[in-house]
A.B. asks: 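Sending over a structure as structure tokens; questions will come in a sec.
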Amino acid sequence: MTGRWNHNTHFHELVLRAVPPGARTALDVGTGNGLLARDLADAGLEVTAIDLDETVLDAARSEHADAAIHWVCGDVMAAGLGQQFDVVASVATVHHLPDLALALSRLADLTAPGGTLVVVGLARSTRLRDRLVDLVGVVQHRWYSWRRGYWEHSAPTCWPPPHSYFEVERTAWAVLMGSRYRRHPLWRYSVTWHRPT
């Protein structure tokens with residue numbers, strides 16, 4: 001696991017824990033600096049890492065040149081990747097895509113039968129309970145930043161997120177039948193879905 005900490009790398013362990021037994025292949029969607037791709041490769045998976053930003057992708061490819069990662073510069077919504085993957089992971093990327101339902105459907109299509117899709121994303125707080133979780137996030141942010149330092153990634157950002165947590169939860173349940181939605185501090189949610197065999 002990378003020693004660099006921020007609100008995204010904090011959830012890499014959540015992705016790694018969701019890898020199903022016997023998994024061989026993984027897709028890191030919106031890989032950015034390539035840290036999740038590296039963690040997945042270090043876990044023994046054959047990793048494909050895709051990102052639309054060529055400059056950031058080139059830097060990730062250079063930094064992780066010693067890892068067996070297949071780097072793809074392109075749009076995950078249109079790229080012909082030629083296969084499905086045992087693990088499809090997306091951290092802080094889905095809110096960059098214009099149509100949430102279409103994005104989740106596309107990621108589900110890229111997930112192999114028996115495989116797992118894990119989305120960690122950002123959304124807007126519109127309910128009281130979301131704002132209460134945000135307050136916990138403020139405390140967590142200060143604690144982890146003090147203990148571990150805060151690393152700033154170089155990938156493009158999109159703020160504010162276009163969807164609310166409520167919209168994400170509702171859309172995930174509609175598109176990914178049987179998925180598990182969780183709201184986390186540090187201004188993140190996760191959706192985990194297992195594709196039936």
Side-chain angles (χ1 to χ4, degrees), residues 1-77 79-97 103-104 106-122 144 148 151-156 172 176 179-182 184 186 188-195 197:
M1 291 276 300
T2 178
R4 286 171 280 188
W5 183 85
N6 64 22
H7 300 162
N8 295 328
T9 63
H10 183 83
F11 292 98
H12 287 191
E13 184 61 35
L14 182 151
V15 174
L16 295 173
R17 288 198 308 267
V19 173
R24 295 183 302 103
T25 60
L27 175 66
D28 179 17
V29 178
T31 191
N33 297 98
L35 299 182
L36 178 58
R38 180 58 187 254
D39 286 343
L40 290 165
D42 288 347
L45 296 166
E46 301 168 16
V47 180
T48 298
I50 186 169
D51 201 284
L52 196 57
D53 191 299
E54 189 171 2
T55 302
V56 173
L57 193 70
D58 285 344
R61 182 187 291 115
S62 176
E63 179 180 353
H64 306 290
D66 61 327
I69 299 171
H70 175 56
W71 305 96
V72 177
C73 184
D75 180 355
V76 71
M77 299 300 294
L81 297 171
Q83 69 178 103
Q84 293 177 310
F85 301 85
D86 299 322
V87 180
V88 174
S90 172
V91 175
T93 297
V94 167
H95 68 290
H96 287 265
L97 303 175
L104 293 178
R106 168 64 171 161
L107 298 185
D109 288 343
L110 289 168
T111 307
T116 300
L117 166 62
V118 184
V119 174
V120 176
L122 296 75
Y144 283 114
R148 305 185 63 178
W151 172 73
E152 187 61 63
H153 62 79
S154 61
L176 305 171
S179 62
R180 180 185 183 196
Y181 170 92
R182 287 185 59 197
H184 301 275
L186 296 176
R188 298 295 184 271
Y189 66 83
S190 66
V191 175
T192 305
W193 177 71
H194 303 285
R195 182 167 189 165
T197 54

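Predicted model, so just to flag it, every value in this text is computed and none were measured.
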A.B. asks: In terms of side-chain geometry, is the basic nitrogen of R38 or D28 positioned less than 4.0 Å from the acidic oxygen of its partner?
C.D. replies: no

A.B. asks: Of all heavy-atom pairs between L57 and A49, which one has the smallest distance, and what is that distance?
C.D. replies: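 Nearest heavy atoms, L57 then A49: CD1-O, 4.3 Å.
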
A.B. asks: Do any N or O atoms from the side chain of R106 and from the backbone of V76 form a donor-acceptor pair under 3.5 angstrom?
C.D. replies: yes

A.B. asks: For D51 and D53, indicate whether the former's side chain and the latter's backbone hold a donor-acceptor pair under 3.5 Å.
C.D. replies: yes

A.B. asks: How are the rings of W5 and H10 set to each other: parallel, tilted or perpendicular (split at 30° and 60°)?
C.D. replies: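 Rings of W5 and H10: perpendicular, over 60°.
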
A.B. asks: Measure from the side-chain N and O atoms of H64 to the backbone N and O of N33, and report whether any donor-acceptor pair falls under 3.5 Å.
C.D. replies: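 At least one qualifying donor-acceptor pair exists.
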
A.B. asks: Is R195 reaching over with its side chain to a backbone N or O of A108, donor-acceptor style, under 3.5 angstrom?
C.D. replies: yes

A.B. asks: Show every side-chain hydrogen bond (donor to acceptor under 3.5 Å, both in side chains) that has at least one partner inside residues 79-90, sequence neighbours left out.
C.D. replies: T25-D86

A.B. asks: Sequence neighbours left out, what passes salt bridge (charged side-chain N to carboxylate O under 4.0 Å, His left out) with R61? Give chain and number order.
C.D. replies: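 Salt bridge (charged side-chain N to carboxylate O under 4.0 Å, His left out) list for R61, sorted by chain: D58.
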
A.B. asks: Could you tell me which residues satisfy side-chain contact (heavy atoms from CB on, under 4.5 Å) with R182, sequence neighbours excluded, listed by chain and number?
C.D. replies: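 By the side-chain contact (heavy atoms from CB on, under 4.5 Å) rule, R182 matches R180, H184, S190.
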
A.B. asks: Would you please test T31 and W71 for side chain to side chain contact (heavy atoms under 4.5 Å, CB included) and show each step?
C.D. replies: CA-CA 9 Å; T31 191; W71 305 96; 4.1 Å; yes

A.B. asks: Quick one: CG on L97 to CG on L104, what's the gap to the nearest 0.5 Å?
C.D. replies: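 One gets 9.0 Å once the value is rounded to the nearest 0.5 Å.
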
A.B. asks: Is there a donor-acceptor pair under 3.5 Å between the side chain of T111 and the backbone N or O of D109?
C.D. replies: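 Side chain of T111 to backbone of D109: no pair is present.
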
